[in-house]
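Lettering follows sequence order; numbering is per chain, from 1.
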Amino acid sequence: MPELPEVEAVRRLLEPHFSNALITRVELRRADLRAPFPTGFESRLTGATVVSLLRRAKYLLATLSSGETLVMHLGMSGSFRVEGAAGVRAEGDREVLGADPHDHVVFHLHSGDVVTFNDPRRFGLMDLLSEAELTAHPVLSKLGREPLSNEFDAVALARACQGKKIPLKVALLDQRVAAGIGNIYACEALHVARLSPFRQARTIATPAGAPRETAHRLARAIKQVLTRAIEAETRNARSSRFRVYDRTGQPCPRRGCGGTIRQRIQAGRSTFYCPRCQR
DNA sequence: ATTGAGACCTGTCGGC
DNA sequence: TGCCGACAGGTCTCAA
């Protein structure tokens, strides 16, 4: 479930349980997800206190009293659940019936809360990084601006797209351009901005990299789409709230457009768009 | 420098 | 009911 809005919702769910929490025990039920867990994963976490739980793009970052940072990524199918004292008994029941084989990491907190990471597809990731490793990280250090921050605006977006001949939608999926956008919200934002997913990314900027009017529209659309998705997500409401994603053949939701949503593959991913109003 | 394809892994859904 | 292929919200790597 993981694009920026979903990860942010997870962060908000976990924060009250994790922040200032002392980790008393960690259960690791397999050696790897997308990548191996770092050596000494459990022992390096045990006895540490979580200082803060932050989100960067689609990553969750738990800063620890030990000085290390626990980096977590949900991949395609990762999720967390929290159980209190009552839930621990439920966990015990499940144990008898056979535990969920996709529960890979269990954090036991001093409060009695138990936080479990579940990931059927195992595209998720957990790592422990020092301050230095964090700032030099090949992926994390190159992430683009947070789309919901003040530093992300038409100027920044245009500069990031300057000279790029790749399709605009493919550019939006590049985490160096706008960190945290995924396939769904790339489609959604482009529809809100009335921009074709197929036009070259550079067309929203002047050759010098200044924002055109289209860049302003797109930057605004990205913020709007993500903000609303976070609200819907934290308010629990699940999908079917998309304008174009997974709506092939349905009428374009834009008032008076009359177009029909179509689907095409770009860079191996499904793109949903209205050929009538997105130019 | 880009970009497309394939790989990673499991679950689900539609068609036969 | 059961099997099979296609597909899924994310990266990463390798070849062209």
Query raised in the report: C:dG10 C1' sits how many Å from A:L74 CG, rounded?
Result: 10 Å
Report summary line: Correct closest heavy-atom pair for A:C252 and A:H191 would be SG-NE2, 3.2 Å
Query raised in the report: For A:M76 and B:dA7, what is the distance between atoms CE and C1' respectively, to the nearest whole Å?
Result: 13 Å
Report task. Measure the shortest side-chain to side-chain distance between A:I184 and A:F242 over non-hydrogen atoms and say whether it is less than 4.5 angstrom. Result -> yes
Query raised in the report: Within this structure, what is the NZ-to-P distance between A:K142 and B:dA1, rounded to whole angstrom?
Result: 13 Å
Requested in this report: Report the relative orientation of the aromatic rings in A:H104 and A:F117; use parallel for angles under 30°, tilted for 30 to 60°, perpendicular for over 60°.
Outcome: tilted
Requested in this report: With pairs defined as Watson-Crick or G-U wobble and both distances under 3.5 angstrom, please note down DNA chain B as a dot-bracket string, | for pairing with another strand.
Outcome: .|||||||.|||||||
**Report entry** Under 4.0 angstrom between A:S77 side-chain N/O and B:dG11 OP1 or OP2
**Finding:** no
Query raised in the report: Atom CG of A:D119 and atom C1' of C:dA8: how far apart are they, to the nearest Å?
Result: 13 Å
Requested in this report: Return no unless some side-chain N or O of A:Q175 is found under 4.0 Å from OP1 or OP2 of C:dG10.
Outcome: no
Query raised in the report: Could you state the CD-P distance from A:Q162 to B:dA1, rounded to the nearest angstrom?
Result: 16 Å
**Report entry** Residue pair A:L64 / A:A48: nearest heavy atoms and the distance that separates them
**Finding:** CB-CB, 4.4 Å
Close N/O contacts between protein and nucleotides 12-16 of chain C (under 3.5 Å):
| residue | atom | partner | partner atom | Å |
| --- | --- | --- | --- | --- |
| C:dC12 | OP1 | A:R34 | NH2 | 3.2 |

**Report entry** Verify stack between A:F123 ring and C:dT11 base, 5.5 Å, 30 degrees
**Finding:** no
Query raised in the report: How would you label the contact of A:G268 with the nucleic acid (heavy atoms, under 4.0 Å): base, sugar-phosphate, or nothing?
Result: nothing
Query raised in the report: Tell me, do A:R217 and A:I204 make a side-chain contact under 4.5 Å, heavy atoms counted?
Result: no
Query raised in the report: So what does A:K58 hit on the nucleic acid, given a heavy-atom distance under 4.0 Å: a base, only sugar-phosphate, or nothing?
Result: sugar-phosphate
Requested in this report: Please state the C1' separation for the pair C:dC12 and B:dG11 - nearest whole angstrom.
Outcome: 22 Å
Requested in this report: Indicate whether OP1 or OP2 belonging to C:dT11 is found under 4.0 Å from a side-chain N or O atom of A:H73.
Outcome: yes
Query raised in the report: Given side chains that start at C-beta, do those of A:P38 and A:R44 come closer than 4.5 Å, heavy atoms only?
Result: yes
Query raised in the report: Can you find a heavy atom in the side chain of A:R12 that is under 4.5 Å from one in the side chain of A:R55?
Result: no
Report task. Figure out the CG/P separation between A:D246 and B:dC13, and round it to whole Å. Result -> 12 Å
Query raised in the report: Does the side chain of A:Y273 come within less than 4.5 Å of A:R262's, by heavy atoms?
Result: yes
Query raised in the report: If you take atom types as modelled and just measure distance, does the side chain of A:R121 reach the base of B:dC9 with a donor-acceptor pair under 3.5 Å?
Result: yes
Query raised in the report: So, is A:Y245 near the phosphate of C:dG9, with a side-chain N or O under 4.0 Å from OP1 or OP2?
Result: yes
Report task. Quote, to the nearest angstrom, the P distance that separates B:dA5 from C:dA6. Result -> 16 Å
Query raised in the report: Under 6.0 Å between the ring centres of A:F18 and A:F107?
Result: yes
Query raised in the report: Any idea which of C:dG9, C:dG10, B:dG11 is nearest the A:H102 side chain?
Result: B:dG11
Requested in this report: Looking only at side-chain atoms of A:P2, point me to the closest of B:dC9, B:dT10, C:dG9.
Outcome: C:dG9
Report task. Would you kindly give the CG-to-P distance between A:N183 and C:dT11, to the nearest whole Å? Result -> 11 Å
Query raised in the report: Checking side-chain contact (heavy atoms from CB on, under 4.5 Å) against A:L4, which of A:V225, A:I230, A:I222 comes through?
Result: A:I230
Query - A:I181 CD1 to C:dG9 P, straight-line distance once rounded to whole Å - result: 15 Å
